[in-house]
K.L.:
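The structure that follows is given in the form of structure tokens.
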Amino acid sequence: MTIKELSKYHSIKIEIEKLNANLKELDNTSIGSQNLTGMPHGTGSTESIVESIVIKKSKLENILEKKKAKLLDEQLKIENFLETVEDSTVRIIIRARFIDGKNWHQIGKELNFERTTPYYHLKKYLKGRLEDEKEKSN
């Protein structure tokens, strides 16, 4: 796992929240007095217009659900990585920076470090893990 990959976590959380809001909004969509949760009943051109909207709504919901599933997979990958981090300080740094969205100065202050120390601590840890993985694969 790299700092770049970990950096995605906070945005993934925000994007999932926005997708959930979009899906909820779509779920509440209606035309006039007709709710768009099922196939419309009636006759005439209004029926075909409403039917077309229901189909488009359904397609959009599917796209958003697939995007949400992909983001949840990425979020799970990062959480699984975090479960393997033995160093509690590194776990705190990762959670504070990438999950809570705190800046390096805030993290340093919480851990009684200088502003740049948490970054270098994390960078050193990740580099060591990468080297360990390379050794295991050889």
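Only heavy atoms go into these numbers, but all of them, side chains included; no hydrogens, no water, no symmetry mates. Count residues from 1 along the sequence. None of these values were measured; they are calculated from a predicted model.
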K.L.:
Within this structure, what is the CD-CG distance for the pair E65 and L23, rounded to the nearest 0.5 Å?
P.N.:
4.5 Å
K.L.:
Using residues 13-22 as the side-chain source, report each donor-acceptor pair under 3.5 Å to any protein atom, sequence neighbours left out, with the distance given to one decimal.
P.N.:
unit_1	atom_1	unit_2	atom_2	d
K13	NZ	I99	O	2.9
N20	OD1	K68	NZ	2.6
N20	ND2	I16	O	3.4

K.L.:
Pairs in or reaching into residues 69-78: which pass salt bridge (Lys or Arg N to Asp or Glu O under 4.0 Å), with residues at least two apart or in two chains?
P.N.:
E5-K77
K.L.:
For Y119, what residues pass the ring pair (Phe, Tyr, Trp, His ring centres under 6.0 Å) criterion, not counting sequence neighbours?
P.N.:
W104
K.L.:
Per the salt bridge (Lys or Arg N to Asp or Glu O under 4.0 Å) rule, what does the pair list look like for residues 83-97, sequence neighbours excluded?
P.N.:
E79-R95
K.L.:
When rounded to the nearest 0.5 angstrom, what is the spacing between CG in N80 and CE in M1?
P.N.:
8.5 Å
K.L.:
Would L111 and T89 satisfy side chain to side chain contact (heavy atoms under 4.5 Å, CB included), going step by step from the backbone distance to the final call?
P.N.:
CA-CA 8 Å; L111 296 173; T89 303; 4.3 Å; yes
K.L.:
Should F81 and L6 count as side-chain neighbours, where that means a heavy-atom distance under 4.5 Å?
P.N.:
yes
K.L.:
How would you list, by chain and number, every residue that makes a side chain to side chain contact (heavy atoms under 4.5 Å, CB included) with S7, sequence neighbours excluded?
P.N.:
I3, F98
K.L.:
To the nearest 0.5 Å, what is the distance between CD1 (I93) and CG (L122)?
P.N.:
6.0 Å
K.L.:
Do the side chains of I92 and Y120 join up, straight or via other hydrophobic residues, at under 4.5 Å, putting them in one cluster?
P.N.:
yes
K.L.:
Tell me the salt bridge (Lys or Arg N to Asp or Glu O under 4.0 Å) pairs involving residues 109-131, sequence neighbours left out?
P.N.:
K102-E110
K.L.:
Mind listing the closest non-hydrogen atom pair of I12 and L71 along with its distance?
P.N.:
CG2-O, 3.5 Å
K.L.:
Mind checking the CG-OG1 spacing from N112 to T117? Nearest 0.5 Å is all I need.
P.N.:
11.0 Å
